[in-house]
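Okay, so here's the structure we're looking at.
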Number of protein chains: 2
Amino acid sequence: MTTGLGNSPARTSYRHGDLRRALIEAGVDLAGEGGPSAVVLREATRRVGVTPSAAYRHFADRQALLDAVCSSCQALVAGAIEADQARIPATDATESARLRFRAVGTGYLRFALEEPGRFQTAFSASSDLESATSSARAGERGLTPFQLLTVALDDLVTEGLLPAERRPAAEFLAWSAVHGLAELFIDGPLRALPDPVKQTLITRVIDMVEQGL
Amino acid sequence: MTTGLGNSPARTSYRHGDLRRALIEAGVDLAGEGGPSAVVLREATRRVGVTPSAAYRHFADRQALLDAVCSSCQALVAGAIEADQARIPATDATESARLRFRAVGTGYLRFALEEPGRFQTAFSASSDLESATSSARAGERGLTPFQLLTVALDDLVTEGLLPAERRPAAEFLAWSAVHGLAELFIDGPLRALPDPVKQTLITRVIDMVEQGL
DNA sequence: GCTCACATGTGCACAACGTACACATATCAG
DNA sequence: CTGATATGTGTACGTTGTGCACATGTGAGC
């Protein structure tokens, strides 16, 4: 019998009320502390103040919980991108489109550096192109990270910054470069680099994408 | 008591002889079957025909075994790159340098697609820039994947294909793009793409790097 | 060649994890 | 008010990583 001293405010009734949501939140916390492998079903139930078995009323298995946590983490990535985009001053439409595109990269990588565990979790689980547009993974504007990138690229074409014939599949090229840098930062060989050097690399990778697309 | 029917040829003596090597090989097999998380210490010892505890005479813990397996897998990546480079016909030095550079990317990505489990394992563990040049991770020519890339970029500069002022940190830019595409292929949203489309993306990402560096 | 120290493998134990199943209880429809 | 259903509990099992006492080959020095 737990004493209700956990994070949540001491369940009063036998029922929890919103256990599914609570488990996902606990999972996101765990992801932040230790990445996807730290999303441990028993620990999540422990933090919520519930028996391990209770989780199985809301998730088929640990992987299902992890998938849900992954979606939540992707929504956080979308939020980071939106935050960077929101900071762009209102200049002419062309320059603004260019900066919105770059903000997709900087927001993505800023989140990867600030929240490595959650970032890894966001892209750890089973996700195909279908689920990359699932609404559970969207930020405040209702767009997933992938969709934010797509929109930014479309705007580049509209503003004449990207030739239309180069547009197809451009999201995958841009995504590869930025995502790869994130991986090298987080548990790759660039982990130990001092922060200013990382910032320089971020700029240069985005330069490369902008020039190479 | 195992009957010695495993992979290895029925240990005759109490001593194994080369248990460390055998455990790493079993680990590489497991990595090929299910990625880094499939590198399970007990299963490795089982396949070798030995008690779980025996592994602790050669590795501090599971992570140490995984690190060794990771190094072996990186050597396999280096081998794949070398194989692609060896297939380049002898033309003029300039074109040859360009193709050797591209072969780093194609070999890297070919291995990622052919051996996703081992590829993931190769870059799953703790590795900084020091260990990226460790000889345990080298291929037949004695160079790690990272070193093969470095050499290829140096040759680009020598042949005048890359301005010297763009050379610094270029390995990280190129690596990011190619590594990112590999991640998107393996457990990212591009997993389900048909193979020809993947091949096209590989070409286009390397084009982007060549043009954007 | 014998002996003893040391390296290496065995056996057993424990805690943690994912998960299954029978049981208990709160909530809501009628 | 009553019963069906949703949701949480308790217990149990198999698997994993890992520590520790013990056993047994192997080689160094006499």
Side-chain angles (χ1 to χ4, degrees), chain A residues 1-4 6-27 29-31 33-70 121 124-126, chain B residues 1-4 6 8-24 26-27 29-31 33-70 121 124-126:
Chain A
M1 184 64 65
T2 65
T3 54
N7 287 340
S8 43
R11 190 163 31 126
T12 157
S13 72
Y14 181 84
R15 294 298 178 79
H16 180 279
D18 202 3
L19 183 55
R20 181 185 169 85
R21 184 90 46 189
L23 286 174
I24 294 178
E25 279 175 23
D29 286 351
L30 289 169
E33 296 163 21
S37 69
V39 180
V40 170
L41 189 142
R42 290 181 97 109
E43 176 62 18
T45 61
R46 214 173 288 135
R47 294 193 176 193
V48 172
V50 124
T51 286
S53 313
Y56 288 86
R57 299 295 175 188
H58 302 274
F59 300 97
D61 54 12
R62 182 198 111 105
Q63 185 60 47
L65 169 60
L66 186 56
D67 283 349
V69 171
C70 153
T121 307
S124 70
S126 51
Chain B
M1 184 67 63
T2 65
T3 54
S8 44
R11 189 165 31 127
T12 156
S13 71
Y14 181 83
R15 295 297 178 81
H16 180 278
D18 201 2
L19 183 55
R20 181 185 170 84
R21 183 92 43 192
L23 285 173
I24 294 178
D29 287 351
L30 289 169
E33 295 163 20
S37 69
V39 180
V40 170
L41 188 144
R42 288 182 99 108
E43 175 63 18
T45 61
R46 215 174 285 136
R47 294 193 176 193
V48 171
V50 124
T51 285
S53 313
Y56 288 85
R57 299 294 175 189
H58 303 274
F59 300 96
D61 53 12
R62 182 199 112 106
Q63 185 60 47
L65 169 60
L66 185 57
D67 283 349
V69 171
C70 153
T121 307
S124 70
S126 51

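It should be emphasised that the depicted structure is a prediction, and the values quoted were computed from it without experimental measurement. Below, chains carry the letters A, B, ... as their sequence lines are ordered, and counting in each starts from 1.
Phosphate proximity of D/dT16 to A/R42: absent, as no side-chain N or O sits under 4.0 Å from OP1 or OP2. A close approach under 4.0 Å does occur between a side-chain nitrogen or oxygen of B/H58 and OP1 or OP2 of C/dG9. Under 4.0 angstrom from either OP1 or OP2 of C/dC17 there lies at least one side-chain N or O belonging to A/R46.
Listed nucleotides: C/dC17, D/dG10, C/dT10. Nearest to the side chain of A/T51: D/dG10.
Taken from CD in A/Q63 to SG in A/C70, the straight-line distance is 9.0 Å, to the nearest 0.5 Å.
The separation between A/R62 atom CZ and D/dT16 atom P is 15 Å, rounded to whole Å. Distance, B/D61 CG to D/dG17 P: 11 Å, rounded to whole Å. The interatomic distance linking B/L23 (CG) with C/dT8 (P) rounds to 13 Å, in whole Å.
Closest-nucleotide positions on DNA chain D for B/L41 and A/D18 were compared, and the one nearer the 5' end corresponds to A/D18.
Under the rule for a side chain to side chain donor-acceptor pair (under 3.5 Å), A/E25 has no partner lying at least two apart in sequence or in another chain. B/A64 pairs by the side-chain contact (heavy atoms from CB on, under 4.5 Å) definition with B/F59, B/A60, B/D61, not counting sequence neighbours. Not counting sequence neighbours, the partners of A/R21 by the salt bridge (Lys or Arg N to Asp or Glu O under 4.0 Å) test are A/D18. For A/R57, there are no side-chain contact (heavy atoms from CB on, under 4.5 Å) partners at least two apart in sequence or on another chain.
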- prompt: B/L66 and B/T121: side chain to side chain contact (heavy atoms under 4.5 Å, CB included), yes or no, with the steps?
  reply: CA-CA 8 Å; B/L66 185 57; B/T121 307; 4.1 Å; yes
Stepwise side chain to side chain contact (heavy atoms under 4.5 Å, CB included) test for A/T51 and A/T45: CA-CA 6 Å; A/T51 286; A/T45 61; over 6 Å; no
message: If a pair means Watson-Crick or G-U wobble with both distances below 3.5 Å, what does DNA chain D look like in dot-bracket form, with | marking bases paired to a different strand?
response: ||||||||||||||||||||||||||||||
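Look at B/E43 and B/R62 and you find no salt bridge, because none of the NZ, NE, NH1 or NH2 atoms lies under 4.0 Å from a carboxylate O.
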Please list, for nucleotides 19-22 of chain D, all pairs of protein and nucleotide N/O atoms separated by less than 3.5 Å.
{"unit_1": "D/dG19", "atom_1": "O6", "unit_2": "B/S53", "atom_2": "OG", "d": "3.0"}

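Between A/L65 and A/H58, every side-chain heavy-atom pair lies at or beyond the 4.5 Å cut-off.
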